[in-house]
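Worksheet for the structure shown next.
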Amino acid sequence: MDEHVVPEELRFKLDNLPQSPGVYQFKNVDGNIIYVGKAKNLRNRVRSYFQSRKGHDPKREILVSKITDVELVVTDSEVEALLIENNLIKEHSPRYNIRLKDDKSYPYIVVTNEDFPRIFSTRQIRRDGSRYYGPYTDVKAMHLLLRTLRGIFPIRSCDYHINAESIARGNIRVCLDYHIKKCEGPCEGHVSQEHYNRMIQQVEQLLKGKTRVLRQMLEEEMQVCAERLEFEKATDLRNRLQALQTYQDKQKVASSDFRDRDIIALAREAGDAVGVVFRVRDGKIVGKQHYPVSGAELESDTHILEHIVHRYYTKTMDIPPEILVPMTLESREALEQWLREKSSMQVTFSIPKIGDKAKLLGMCRANATLLLNEIKLQRIKAADTLPKTVEMLGQDLHLPHPPRRIECFDISHFQGAETVASLVSFLDGKPRKREYRKYSIREVDGVDDFAAMREVIRRRYERVLDEGLALPDLIVVDGGKGQLSSAVSVLRELGLSQQPVIGLAKRLEEVFVPDESLPLTISKTSAGLKLLQRVRDEAHRFAITFHRGRRDKAVLRTELEEIDGVGPKRAQTLLSAFGSVRGVQAASEEELAAHIGWSAAKNVHSHFHSSGDTTGVQGASQSTESDIS
């Protein structure tokens, strides 16, 4: 069935998969979730990953090679699977799923849930009954819309809590907005709640892009005022209509059928993609949303579009009856059902081939292509931009090329015990934490920093050479001439005699280079030296953290191993079961016996409760950081 070696337990699961809809989670050898997907038929979908097939994407092959387990969530419908899949991806951020840029930083326009609602922009969504419109990726367009709203409608701009009780008390006074006719004074009861909320309904029509409906409402209201001889109100409504017309003239006409629809298109190249959503209301484009996507090598265009559709309509309640897409969606029926339940109306996906709709889709796709090209250009520009500190470091060290990629090593131990090493990696002056590495020194006994440095340099760069990885532009070892000589000797043995490497001595911040007895003369205020110090300090911090964890575990285990009948395995069992030596001390004989048997449990309980000595572990673990090198 497969070209990879499938573990027996996983093979058993693959042979017994259900044929129902649901969500599958692939896990690696460490139990981490590396991919989440949904399926209408779990058996067919999951097994398809392990089928021998020519032309598989290399990234897909890598994913399959790392799968050691699969966990299922069986659902009643594909709609449920769709929702659960997106929730799990957001919660776990699996390595091989696509990554959509979150729109949480984009603002919304909120209509508050109050007797006299307020309208303003916000970046926080509260579940308090307020209504939210957006998000708006074009902040300038959002502010233009807010100015238009306030120019047409006398909405209150204060943040007072106004209701019938506050009006009756009379403790709020009208502000300047009332006197310049920018507000009708609801705070003093100059306008009824019914009238104010009728105006808010008109505002929401404009927020939804329903300018034709709003125009009709205003014209009818103006006609009624004129018939009642309320000419001042009629004039005010005429002015609102003129302002609305000015706003409409700035919008791009998309179609002449005055239909509400959304248009979703995709542009893609390799693992990068951009999805764009156009909002068309009353035949005019009233908004645009874009979604940059990365890590898309494994996914089809259809799957990427489905993720964009779900992300967009999760965030908005403004759902039109028609959505134009460039291709058939695999989960079209499930998405239509979900949107129908969400909006309480029929929603359909259409694939236009000719006519105005096809032209609209083409314009949306052109926007997506433009945005994708911008992302590529920004990436190229960022790659070509060299930080000044890196450039100055290259000059200070007389290197043939600026050290864009730096790897730094540090050795740490406590009085010769538990010796460890750390490797930190910096790219363009910034830490690359996913490339940090920890090393337990295995070949050195006692205190021998030089030998420890030789071991870790050999282990690191033997692997780099074996796997064909890129060498750094500069290797930094924490220490003086001795540590540097140890590193240089190993690099030469590996055939890397031309590899730039330096030693940074901590006491006087001296920089040593190979085959030179005296340190380089570098200004203490040099930005390049500051970068070196930051790299070295990060390597030291990383090593100290790793060492402290190993030392504490060793101290606790040693304390328990001193008890008769408790060896390393039982000590580890007790620490895993009770969390700490203090937890072991507090446990009863019965609780201890459940894990290590009655005989050893009696010895452990007697050790802690007959001698009264409870300070050994605590005292042993109170060494200070200054004791650690």
Side-chain angles (χ1 to χ4, degrees), residues 17-26 33 35-49 60 63 70-94 96-100 102-103 260-266 268 273 275-280 289 291 293 295-296 298-353 357 361 364 368:
L17 291 168
Q19 295 187 345
S20 55
V23 176
Y24 54 94
Q25 303 171 71
F26 289 142
I33 297 173
Y35 187 80
V36 174
K38 71 174 187 317
K40 195 171 185 178
N41 184 314
L42 283 169
R43 180 179 177 83
N44 293 346
R45 174 60 62 83
V46 174
R47 288 171 63 88
S48 70
Y49 284 88
R60 189 185 188 94
L63 165 64
V70 59
E71 186 175 313
L72 305 179
V73 179
V74 177
T75 61
D76 293 330
S77 66
E78 195 179 355
V79 176
E80 263 188 76
L82 174 74
L83 301 178
I84 293 174
E85 177 201 28
N86 281 277
N87 289 337
L88 288 173
I89 290 174
K90 191 169 185 179
E91 179 181 354
H92 297 289
S93 300
Y96 292 96
N97 279 99
I98 64 172
R99 293 174 291 281
L100 273 69
D102 199 355
D103 53 12
D260 295 343
R261 56 174 62 95
D262 285 345
I263 307 161
I264 305 177
L266 182 72
R268 178 179 185 180
V276 171
V277 182
F278 276 0
R279 292 174 58 238
V280 177
Q289 178 86 352
Y291 290 93
V293 180
L298 280 175
E299 305 292 1
S300 64
D301 291 354
T302 300
H303 201 189
I304 296 171
L305 271 175
E306 288 177 359
H307 277 282
I308 291 170
V309 167
H310 186 271
R311 174 68 63 85
Y312 178 71
Y313 291 109
T314 297
K315 296 285 188 178
T316 182
M317 288 299 297
D318 185 13
I319 302 172
E322 183 181 33
I323 302 170
L324 305 184
V325 290
M327 64 195 71
T328 301
L329 301 180
E330 183 180 335
S331 303
R332 190 200 71 186
E333 294 179 2
L335 287 167
E336 286 180 347
Q337 182 182 342
W338 172 57
L339 293 174
R340 184 167 61 248
E341 293 171 356
K342 187 177 174 71
S343 64
S344 300
M345 67 178 182
Q346 189 68 33
V347 179
T348 58
F349 287 93
S350 301
I351 308 172
K353 300 297 184 182
K357 293 182 182 181
L361 189 60
C364 190

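Remember, predicted model here, so these are calculated numbers, not experimental data.
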Of all residues at least two apart in sequence or in a different chain, which pass the side-chain contact (heavy atoms from CB on, under 4.5 Å) check with [X]?
X: N87; answer: none
X: I351; answer: V325, T328, K353
X: E91; answer: L88
X: D301; answer: L266, R268, M327

For [X], enumerate each residue passing the salt bridge (charged side-chain N to carboxylate O under 4.0 Å, His left out) test, keeping only those at least two apart in sequence or located in another chain.
X: E299; answer: none
X: R45; answer: E330
X: D260; answer: K210
X: R332; answer: E336

Spacing of [X] atom [atom1] and [Y] atom [atom2] [to the nearest 0.5 Å]:
X: E333; Y: K40; atom1: CD; atom2: NZ; answer: 5.0 Å
X: I89; Y: I98; atom1: CD1; atom2: CD1; answer: 7.0 Å
X: Y312; Y: L305; atom1: OH; atom2: CG; answer: 14.5 Å

Exercise. Taking ring-ring contact (aromatic ring centres under 6.0 Å, His included) as the test, write out the residues that go with Y313, two or more places apart.
Key: none

Exercise. Among residues two or more places apart or on two chains, list those pairs meeting side chain to side chain donor-acceptor pair (under 3.5 Å) that have a residue in residues 70-82.
Key: K27-E71, E78-S331

Quiz item: Do any pairs count as a side chain to side chain donor-acceptor pair (under 3.5 Å) and have a residue in residues 341-350, sequence neighbours left out, and if so which ones?
Solution: E322-S350, Q337-E341

Quiz item: Just wondering, do D262 and L324 contact through their side chains at under 4.5 Å, heavy atoms?
Solution: no

Quiz item: Is there a donor-acceptor contact under 3.5 Å from the side chain of N97 to the main chain of S93?
Solution: no

Quiz prompt | Partners passing side chain to side chain donor-acceptor pair (under 3.5 Å) against Y24 (at least two apart in sequence or in another chain) | solution = Y49

Exercise. Quick one: closest heavy-atom pair of I84 and V73, and the distance?
Key: CD1-CG1, 4.1 Å

